[in-house]
Colleague: 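Take this structure, written in structure tokens, and hold onto it; I'll ask about it next.
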Amino acid sequence: MAQIFPKWSNYTVLAITVKLTGVLFSLIFIFSWWFSPKYTDVGFSPEQPVAFSHKLHAGEMGMDCRYCHNTVEQAAHAAIPPTATCMNCHKVVKTESPEILKVRTAHEAGKPIEWVRVHILPDYAFFDHSVHVAAGVGCATCHGRVDQMKRVTQHAPLSMSWCLDCHRDPSPNLRPKTEVTNMGWGTEPAFAGYNPTADPHRTRDVQPPKHCSGCHR
Amino acid sequence: MAGIVPDLPRADHFGLLAEYNTPGELYRACEKVRDAGYSVWDAHCPFPVHNLHKAMGLKPSVIPRIVFAGAMMGAGGGLLMQWWMSSEGGYPLIIAGKPLFSWPAFIPVTFALGILGGVFGSVFGMFALNQLPMYHHPLFGSKRFESVTDDKFFISIVADDPKYDREKTMQLLKETESSSVEFVENN
Amino acid sequence: MIEKNKMTEWRSLETRDPDAELSAELLNEFPEGAAEESLTTTSRREFMGVMGAGMAVGAGMMSGCVRKPVEHIYPYSNRPEHTIPGRPKYFATSIPVGGVVSGFLIESHDGRPTKLEGNPDHPTSLGAASAQAQASVLDLYDPERATTPSTSGVESTLADVDTLLAGIAAKAVGNKGEGLALLVESRPSPTYERLLGVVKSTYPMAAIYRDDATERVNARAGMALMGLTGLPFLHVDQATTILAIDSDFIGYEGEAVVNARHFADGRRVVKPGDSMNRLYVIEPTFSITGAMADHRQRCASSDVGGFVSSLVAALAKHGVTVDLDVAALATQKVRDFDEKWIADLAGDLAGATGQSLVVIGERHPAVLHAAVAVINDALGGTGKTVSYLAESGVTEAGTLSDLVSGMNASKVDTLVVLGGNPVYTATGDLDVKTAMAKVATTIVVSSYAKDETAAVATWHVAASHYLESWGDWTASDGTVSVQQPLIAPIFKTRSELEILSALLGKSATSHELVVETWEDRLSGKTWRKALHDGVAVAAKRAPAGTLASAGLNKALAGLKTPTAVSATNLEVNFVLDTKLVDGRNANNGWLQELPDSMTKLTWDNAALMNVKTAGRLGINKTPKRSGVKTYDMVEVSVAGRSVKLAAFISPGLADDTIFLNLGYGRTNGDIATGAGVAVNVLRTQAASAFAGGATVKTVSGRYPLASTQDHWFMGPDPDESPLFAELGERPLVREITQDDYEKHPDAIDHMGVHTPHQENLWPDVQDYSKGQQWGMTIDLNSCTGCNACAIACQSENNISIVRKERVLKGREMHWIRMDRYYRGEPDNPTAVFQPMACVHCENAPCEAVCPVGATAHSPDGMNDMVYNRCVGTRYCSNNCPYKVRRFNYFAYNRDETVTSVNPFLADDEKLSEIQKMQKNPDVTIRFRGVMEKCTYCVQRVNQAKIEAKVTGDGVVKDGDIVPACQQTCPAGAIVFGDQNDPTSRVSILKKQARDYEVLGELNNRARTTYLARLRNPNPAIEKRSPSSHGGDHGEAVAAAHVGDAGHGTHAVDQHTEEKHD
Amino acid sequence: MSDKPITDNANYDPLDGRAPLIIGGHDFHSLTEATSKPLESKATTAWKIIFSISLCGLALYLGLIGWLVWKGTGVWGLNNPVAWGWAIINFVFWVGIGHAGTLISAVLYLFRQKWRTSINRSAEAMTVFAVVCALSFPGIHVGRLWNAYFLFPFPNQMDLWPNFRSPLLWDVFAVGIYGLTSLLFWYVGLIPDLATIRDRATTRGRQIAYGIFSLGWRGSFRHWWNYEKAYMCLAGLATPLVLSVHSIVSFDFAVSNLPGWHTTIFPPYFVAGAVFSGFAMVITLMVIVHKAFGMENIITMRHFENMSKIILLTGTIVGYAYGMEFFIAWYSGSEYEAFAFYNRASGPYAWGYWIMISCNVLSPQIFWFKKCRTNLVVLFIVSIFVNIGMWFERFVIVITSLHRDFLPSSWDYFSPTWVDIGMLIGSFGLFMTLFCLFCRYLPVVATSEVKAVLPQADPHYDEKGGH
């Protein structure tokens, strides 16, 4: 009988099988790694209806986060401030700027400004700002150096494992409660090597939930 | 991949192929070839002829050891995986008041993975040792050789064999009860 | 949008994008009035913001590389003071539920009222709320509510209505209201009565009629016979010996919510030696009050008079002389009762002078109400256990039959029906429909344009929900409270008050009208306080005067002897449904799907009868199973009129009586349509509560009834198989008489399967002796099985309804299953209730078998269910010994928009934009294919823990966590708390000997334990016939022996060991 | 012994020596011819008819799976107490069927039972196909199919892993690996015979097709040498596996605390039942196959008789288990346990229980008689009965135990929907489709192994003066 297969087939067949197995295993890795929020979500920085600059307000002018996001210590949501809050200053400040004009018109019409949401959690994950602030987790820990962002950008993956990393070992991310809104905290030597357990102002040691119903109800 | 890739004869031609009609003829022929001290040769038959390894003087197969190794790796890896995933390494959940490392519950998966390791060991070990798949082989060039999977029995002596001498070897094979001896090109 | 709809779980409206058209309607202006107290004036967009709590998903466009829909945030323009987006607010309000005025607190999430709770400061609520009240919130979001006025089916506008009413007013001013007729419901409301008064005075010729199934007509008439204008008000807390004559006074009749609390308080045995009240019940039906009785006798409704006369006679023997013409009353006597039983009862009542109470049901004629009043008086109860409170300002009004004859005589040219649905509710001898046809202009004010009366009216005005309008209400004890709205009218609706004022020619808002009533008494601070507390006037009513039975004896003389009920003279009883009342709740899915306390029927009424009666009529005891259970059909005929409906056997009813629940067979909406059969046609003005001389015959055809518990006994049914006979009752609900409890408190443990002290196979992975550990006790001695907890749970936890066809398949979703078991003779049983929800086992069988770890334990001892991890293998449900896990077999919360584009999904449950507004944003909405179950209201637990952490040392104080079921329980039977804290209520209760764990022998270590039920039988009766009632000591010990038999010799010295830890 | 070929090896007189396995005087070549004929001749009409029916069944199956995924698990008759229904019943049923193959190939191989060679190929094929059917059910029975991948341990951003304490996860591994093992075992056995077909192939297409799968097998004895060892090891591994797999499947029930499920007897009882049903299915198929392809001389009455003996044995074991369950239920004194079993025998589903008893315990007893063991019609009918009975065994275990457990308040009744029924039929469609394709395109008899058991295969045969 004549040969059915040519010589080279002996080599190619092997090469193909080996490569296929390689691809299979790398696929699992690719999906679990490059399709995680760390790669899909971080850096999300949508265009906002009003070009509000945190860099200017929180950074250069050093306004405290809580001047606008004033429910952060009492509620789950660090609510976006009502337009009225902007008008507190902008009745007099930079009234002629076109961006402020948008705000004023919205306010006069009693319409809200349609901000685009940056930090989005799944609907079945229940996050509460108040308890994190109370525990002394800095704004910057999750939101990054907002004081340096002209336009707000997602800083952390906000993925479950990312949350868990801190819930399992919170102390590296804790700071004195007075410093929660201090964007630069940590860079200053004053608080170098802060030890939460030694902090006299803490009434209790932080025990974040690690069980399911801690976040999923 | 050098190790894995099947190696084909290097000589200018493949060697000689003798045909036999019954297992008995093959058996006795193999004894002769073995006694003649050939090393790079083989017998071909449609089914494993009983005790032929004696006639060919083959050493015991190493398959069982590969299987054992595979089984151990499967089982060990399985147990390790379960321990890691259900304790601090993975996510330590409180399940029905059972400890994080509830080893009795981990036995079935460990066992199954052990079996899997062994199975892979035996199958792919066999493929490796036999250098299969090998889709191209000089013997496939021979018309007679087709019936090796039906009812005929063959001995092939490869030219690479140090003791191989075209005339002498041909003579040796003719002296057996071979129904025919043919010369196989290295195509 | 598309991405969004694909989301498997969504929490609530917050994450949805309200459909533009509807929103526009949802979000029209708030009334100025509302601005001050409830919500600020807001525009559509802002309300969006309010609802959105600053986050509503916008159009699902992609943005750059990020694979998720872009969400928008709509902040307030001006955020009202004290408003924290995402934090619920609570407002006090008040409304009558099933005719009984009570006070409530409404939970409002960013402007959406989502949940109702009882108002602890309100005397007729005491913080509790009935199932009907809990469910009333759903009506606000009923997608089938009338959204606009309409004239003969054609959509109209409020402006047209105003002009119409203005026209009527103008005409009436001219002719003194001649030809103008108002049909109103019973409305104990100062403003309402004030306006009616004004109507009467301005239009003297106008006629006012009142028709309301919940109005206590007989009781009022009875008082009138005694020369009183008022109603009896019970003080159950003062009574130690109570006789209920066909009165469901702790179940669904009258002030049941408060009565149940007081009754339970009288039975809370914490330690042996505590006293217990004693309840006798004699009734034709089997009410949940009957289920709570220590002694219960059955008698046909028409025999009740006879019973009263026997009782009077028996009391006389015990030196209690009742000022009644006994001879006249004796004409009522139609058959011999167990005179000994009555004698003992009389002795007991007489023995507890001043502390005994006799109650009679509203279904019985005025004379008997009067007679009972006299008996109570003779027993020294007046002013102590019952007081008669004067009713003031109840406007004189004619009856429905007066109106009908008026219309037939064409004396009426304009009829305004304010609430009510006479075409459906009228008795069979009143043809309201034809009569209305004779009236030129008929205006019906109701919630449903499709309801029977609105359908035949020339005008229909969509009525506002009570959460959309102002009002004020006088409770039966005289407490007045203000009804304040929590949301602007969602649709083009008017409240009854607004209609009344429009009829008077001024278009005032309900707010203005209520303020007008109160401005001279309440203003500014006091007004705000009244709104805040939910109590405007706490004044008690004045006594209605002294009893004078002269009138009564005259009435008695005129009594006729009823013919005895027998197999040949069946008695048909018409009872208000415990869920739908007279049909007013017919389109409320929660109530329709709620299993009736005793029959466990959902979505239907049936001809209820006991086993003996059914046997006589040749009705199969067991349903046929052809896929679903189908039942025999019967035709019930009274005086020539008849209805066909399914026959359902319900143990414990009086022989030869048939029970028909009112309120079914309505057509006003998708939910109501097809649920049950209307039986009003059988009633007559003369016999509207019960009628003798009925005939029942089986007819061809079968009908599927969705009963969620077809099994009667607390164990195998011995009739089913001889093999089962030897197996005893299962020790699930444990019950013992008080005496026996005193003698051997540990007997309750021995009722269970006797197991030695149980060790865990494993060392505990979590040390449950440390930190706060949540646990619950349910006191079976107080639980009346009223189902309030089931509905509270449903509204708190966004539990779907699944419709009849799926309940038939056994797929109901209620997290709390109200188990009901009968004991003793099928025809004269006792009954017990056991609310069964997830008991949160420490060694939870469900957790071990979940392949993905979607259900796991929290360190504080709760069995967590993680919807977003669940793949739906349903293994957990199989392995749950209590079968309390519920599976979403279909998408019960599928977005309407999806189902509308996809015909194949059409029969899934749709969730329209308006329905989404009811959902609790703190609880995940479950999607198809996931398991769910009781979570101990983990959202409330977490909130409490978070607050404790933010404000203090992170330790939650006892009572800070109140699950929805505990919060609403009228009897206060449910207690939740930290079982590690020795001072917490729950751990004190768990220390009692009454405390036991259901199926404790499985060593699941359930966190929910039950307190055994105690009965307090009359020793005399007990002595005479120990077996006259089922679950008493005899049963208990029997149960104990079953356990012991199973487990070899019963070692006495192990009692202490086997206490559950 | 005489030269005339023996035609009856079932009633063979032992005085003539051991009864031959292969009759009709086959030699190597005739054997090759006989086994290759079905693949090389045109498809028979009978085959075409059966195949098209099977295809319809398969289409039905796929259609219903689509419907299920589209609508939700509710299209089945499941309810609150009975959360597992026909899907799980069919799963266990098919896994059970899937046991005979490996058992015949592996266990009988280890016990040197040469008679296995004629039937092991098709039995293994049956195993593989049965496992395919079995695996399809747990796959589709979960409520959220699209999340079923949660069952596998893979790195993920939730940092979550499967729960290895759950018997269902043990199933995923055990049954999955069992399927893989059976497939490899079957394929390894096929290689030499595929080579035979390759070498007989007349068209280029067949040469390439069979050439690829025969991996260039050239009958080298050095290959045979490793091959036999590997095959032996596979048999050695498959034997404990086959026993463990059904034990683990039985853990789904035995490990949970439901009366009627929570039983230590389950593992052996399930394994016996699996062998029982497996052999029944083998008989059903072999009766058809050996008639259809005229292999009466290769798959002989002796093979059938041996199988019927195994059915008698395992059937009796299963019967014993049924009895023992009742004894324990009574002896345990636990009212719940006792009720669970009384309920089986006399409750609403008693009919299912008695079908099971009569099919599984009574019907095999006629195999005490050699006349029945050697009568194809009887064999065929009984094997069908056993298949029905074993399906009902799973029905009884799953449904009757679930529908009435601890709390009478939760008791309910399960009735299947048309989807349930359609899927059972459909799964048979899937199975038959695969089996038809197998009969058509692969050698249904392990030719090389059969050759090895022919008397001529002995190297010293001719010395004994064979011809």
Colleague: Using the side-chain hydrogen bond (donor to acceptor under 3.5 Å, both in side chains) definition, which of the options E796(C), Q794(C), E932(C) pairs with W815(C)?
Modeller: E932(C)
Colleague: Which word best sums up how the rings of H143(A) and H119(A) line up, parallel for under 30°, tilted for 30 to 60°, or perpendicular for over 60°?
Modeller: perpendicular
Colleague: State whether a side-chain donor-acceptor pair under 3.5 Å links H857(C) with Q766(C).
Modeller: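 Q766(C) and H857(C) do not have a side-chain donor-acceptor pair below 3.5 Å.
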Colleague: Would you say T71(A) and R87(C) are linked by a side-chain donor-acceptor pair, where the criterion is simply a distance under 3.5 Å?
Modeller: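 No donor-acceptor contact under 3.5 Å links the two side chains.
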Colleague: When only heavy atoms count and the cut-off is under 4.5 Å, which of residues 933-941 of chain C reach chain A?
Modeller: V938(C), Q939(C)
Colleague: With R66(A), which residues qualify under salt bridge (Lys or Arg N to Asp or Glu O under 4.0 Å), at least two apart?
Modeller: D64(A), E73(A)
Colleague: Among A854(C), G853(C), A856(C), S858(C), single out the residue with the greatest number of heavy-atom pairs under 4.5 Å to chain A.
Modeller: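 The residue among A854(C), G853(C), A856(C), S858(C) with the greatest pair count is S858(C).
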Colleague: Nearest 0.5 Å, what's the CE-CZ distance between M87(A) and R104(A)?
Modeller: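 So the CE of M87(A) and the CZ of R104(A) are separated by 6.0 Å.
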Colleague: Top residue by heavy-atom pair count (under 4.5 Å) with chain C, among P209(A), A76(A), A79(A)?
Modeller: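 Max contact count across the listed options: A79(A).
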Colleague: Quick one: are T924(C) and D123(A) in side-chain contact, heavy atoms under 4.5 Å?
Modeller: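 Contact flag for T924(C)/D123(A) side chains = no.
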Colleague: Looking at P81(A), S213(A), A134(A), which has the largest count of heavy-atom pairs under 4.5 Å with chain C?
Modeller: S213(A)
Colleague: Check each atom of R204(A) against the heavy atoms of chain C and say whether the ones under 4.5 Å are side chain, backbone, both or neither.
Modeller: side chain
Colleague: Does any heavy atom of chain C fall under 4.5 Å from the side chain of P49(A), the backbone, both, or neither of them?
Modeller: neither
Colleague: Are P75(C) and P82(A) packed together at the side-chain level, in the sense that at least one heavy-atom pair is separated by less than 4.5 angstrom?
Modeller: no
Colleague: Does the side chain of H216(A) come within less than 4.5 Å of R869(C)'s, by heavy atoms?
Modeller: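 Not in contact.
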Colleague: N70(A) versus chain C, heavy atoms under 4.5 Å apart: side chain, backbone, both or neither?
Modeller: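 It is the side chain, since no backbone atom gets that close.
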Colleague: Parallel, tilted or perpendicular: which describes the rings of W185(A) and Y194(A), with under 30° parallel and over 60° perpendicular?
Modeller: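 Perpendicular: the ring planes of W185(A) and Y194(A) meet at over 60°.
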Colleague: For V866(C), is it the side chain, the backbone, both, or neither that has a heavy atom closer than 4.5 Å to a heavy atom of chain A?
Modeller: side chain
Colleague: Between A84(A) and chain C, which part of the residue has a heavy atom less than 4.5 Å away: side chain, backbone, both or neither?
Modeller: both
